[in-house]
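Sequence lines set the chain letters: A, B, ... in the order given, protein chains first and strands last, and positions in each chain run from 1.
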Protein chains: 2
Amino acid sequence: MENSFPKHPSAVKVMDDSGVRLNHILARLRERDFRITPQRMAILKILAESRDHPTVEEIYAQVRSAFPTTSLATVYKTVTLLKGLGEVLEVGTRTGSSRYDGGKPYPHPHVICTGCRAMIDFEEPALDDLTRQVAEKTGYQISDYQFDFFGLCPRCRK
Amino acid sequence: MENSFPKHPSAVKVMDDSGVRLNHILARLRERDFRITPQRMAILKILAESRDHPTVEEIYAQVRSAFPTTSLATVYKTVTLLKGLGEVLEVGTRTGSSRYDGGKPYPHPHVICTGCRAMIDFEEPALDDLTRQVAEKTGYQISDYQFDFFGLCPRCRK
DNA sequence: GTATCTGCAAAAGGTTTGCATTTTG
DNA sequence: CAAAATGCAAACCTTTTGCAGATAC
């Protein structure tokens with residue numbers, strides 16, 4: 001195979017059912033002998049369920065309501081671990097903190113409001129093809145991309 | 001007009017001749033009563049001439065060889081100023097420092113080597129069209145995008 | 001029981017800011 | 001000469017790290 005570019009939902013086992021997604025991540029962790037602590041479980045649930053691309057700070061705040069002693073460092077460590085396993089996608093917003101997607105951990109475009117920071121996904125099947133073209137034309141072995149649009153959402157537009 | 005999306009070279013006056021590009025930026029600065037200090041001039045030259053997307057740190061090192069008293073803060077301030085004027089494009093590399101393109105200040109895709117960090121431009125005319133589609137489908141008023149591919153370049157591939 | 005995880009606090013980048021001094025136009 | 005830019009150091013933010021004590025399996 002020419003490159004190791006991540007696959008789409010059907011291939012990667014990403015489902016709209018966040019419960020199934022959570023179980024999938026749990027299985028991956030057990031597989032590799034990572035431990036399921038209460039803090040981790042809480043973080044995993046948030047990442048698997050939320051559709052709004054939370055920041056570490058936001059995850060932290062939510063986890064704290066259930067486990068008040070949880071530390072920011074633990075959230076960072078867990079998110080980093082999941083990123084390494086390919087079970088969470090980090091989205092850099094170029095202003096401030098990264099945001100995380102535990103529901104669709106493969107690269108895909110986002111549309112980000114420069115006013116309220118709302119972030120939505122954008123489906124564009126042609127990107128797999130474009131990625132292949134980039135690999136061909138440049139000789140690079142493309143393994144990842146980030147593609148984000150910025151602008152005002154309908155509400156912030158006034 | 002539906003959106004304020006930046007235009008391509010022919011429209012924006014970006015030329016392969018870095019001297020002309022430099023003059024263009026100088027004119028923009030004078031226009032707005034910004035002053036042309038020796039430090040600024042040195043930074044502008046580097047940004048207009050270089051094709052390798054330097055970091056602030058790299059610009060700083062180069063400027064220092066001509067003006068040894070120059071400070072990092074001045075480089076940051078100048079780059080921020082030019083970004084605000086739309087005369088420099090900031091490219092986030094998601095590892096470490098941003099890199100800057102003073103030759104093509106409008107959004108365009110990059111291909112970045114995850115080994116040696118080499119960064120090349122990628123021309124894809126169809127993106128203007130895709131941007132329009134994103135605006136239509138989402139209702140967002142798209143003003144900018146970032147689109148970067150990551151992977152090993154032919155040399156780093158071994 | 002032991003390897004792993006947590007929580008704390010300190011450190012580490014990268015970038016921004018405040019302000020006195022210098023310089024440009 | 002007035003307005004703007006420089007240079008320095010301190011401040012800022014986000015993320016990472018080291019390590020002693022706690023905990024999952």
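- Taking atom OH on Tyr60(B) and atom P on dG7(D), their separation rounds to 9 Å, with Å as the unit.
- Listed pair Gln39(A) / dT23(D) fails the phosphate criterion, with no side-chain N or O lying under 4.0 Å from OP1 or OP2.
- For dG7(C), one of the phosphate oxygens OP1 or OP2 lies less than 4.0 angstrom from a side-chain nitrogen or oxygen of Thr74(A).
- The listed nucleotides are dT6(C), dG7(C), dA5(D); the one nearest the side chain of Thr69(A) is dG7(C).
- In this structure, Leu81(A) atom CG and dT16(D) atom P are separated by 13 Å, rounded to whole Å.
- Criterion: ILVMFWY side-chain heavy atoms under 4.5 Å apart, direct or through other members. Under it, Tyr145(B) and Ile112(A) are not part of a common hydrophobic cluster.
- We find that CD1 of Ile43(A) is positioned 10 Å from C1' of dT6(C), with the value rounded to whole Å.
- Between Ser71(A) and dC8(C) there is no side-chain N or O to OP1 or OP2 distance below 4.0 Å.
- To the nearest angstrom, C1' of dA4(D) lies 12 Å from CD1 of Ile36(B).
- A sub-4.0 Å separation between OP1 or OP2 of dT15(D) and a side-chain N or O of Tyr76(A) is present.
- Rounded to whole angstrom, the span from the CZ atom of Phe67(B) across to the P atom of dG7(D) amounts to 10 Å.
- Thr69(A) and Arg64(A) share no side-chain donor-acceptor pair at under 3.5 Å.
- Here the nucleotide nearest the side chain of Lys77(A), chosen from dT17(C), dT16(D), dC8(C), is dC8(C).
- Among the nucleotides dT6(C), dG7(C), dT16(D), the one closest to any side-chain atom of Thr80(A) is dT16(D).
- As rounded to whole Å, 8 Å separates atom P of dT4(C) from atom CG of Asp33(A).
- In this structure, Ala73(A) and Pro38(A) both approach DNA chain D, and ranking their closest nucleotides by distance from the 5' end singles out Ala73(A).
- Between Phe147(B) and Phe149(B), the ring planes lie tilted relative to each other; the angle falls in the 30° to 60° range.
- The pair Asp148(B)-Arg99(B) does not meet the salt-bridge criterion, since no charged nitrogen lies less than 4.0 angstrom from a carboxylate oxygen.
- Of all nucleotides listed (dT6(D), dC25(D), dT15(D)), dT15(D) comes nearest to the side chain of Leu72(A).
- His108(A) and Glu124(A) share no donor-acceptor pair across their side chains, judged by distance under 3.5 Å alone.
- Between the CD1 atom of Ile59(B) and the P atom of dT15(C) there is a distance of 11 Å, rounded to whole Å.
- Put simply, Thr37(B) has a side-chain N or O that comes within less than 4.0 Å of OP1 or OP2 on dT6(D).
- The nearest whole Å value for the distance from the CD atom in Glu58(A) to the P atom in dT15(D) is 12 Å.
- Both Arg35(B) and Ser98(B) sit near DNA chain C, but only Ser98(B) has its closest nucleotide nearer the 5' end.
- Proximity of Ser97(B) to the phosphate of dG14(C): a side-chain N or O atom is located under 4.0 Å from OP1 or OP2.
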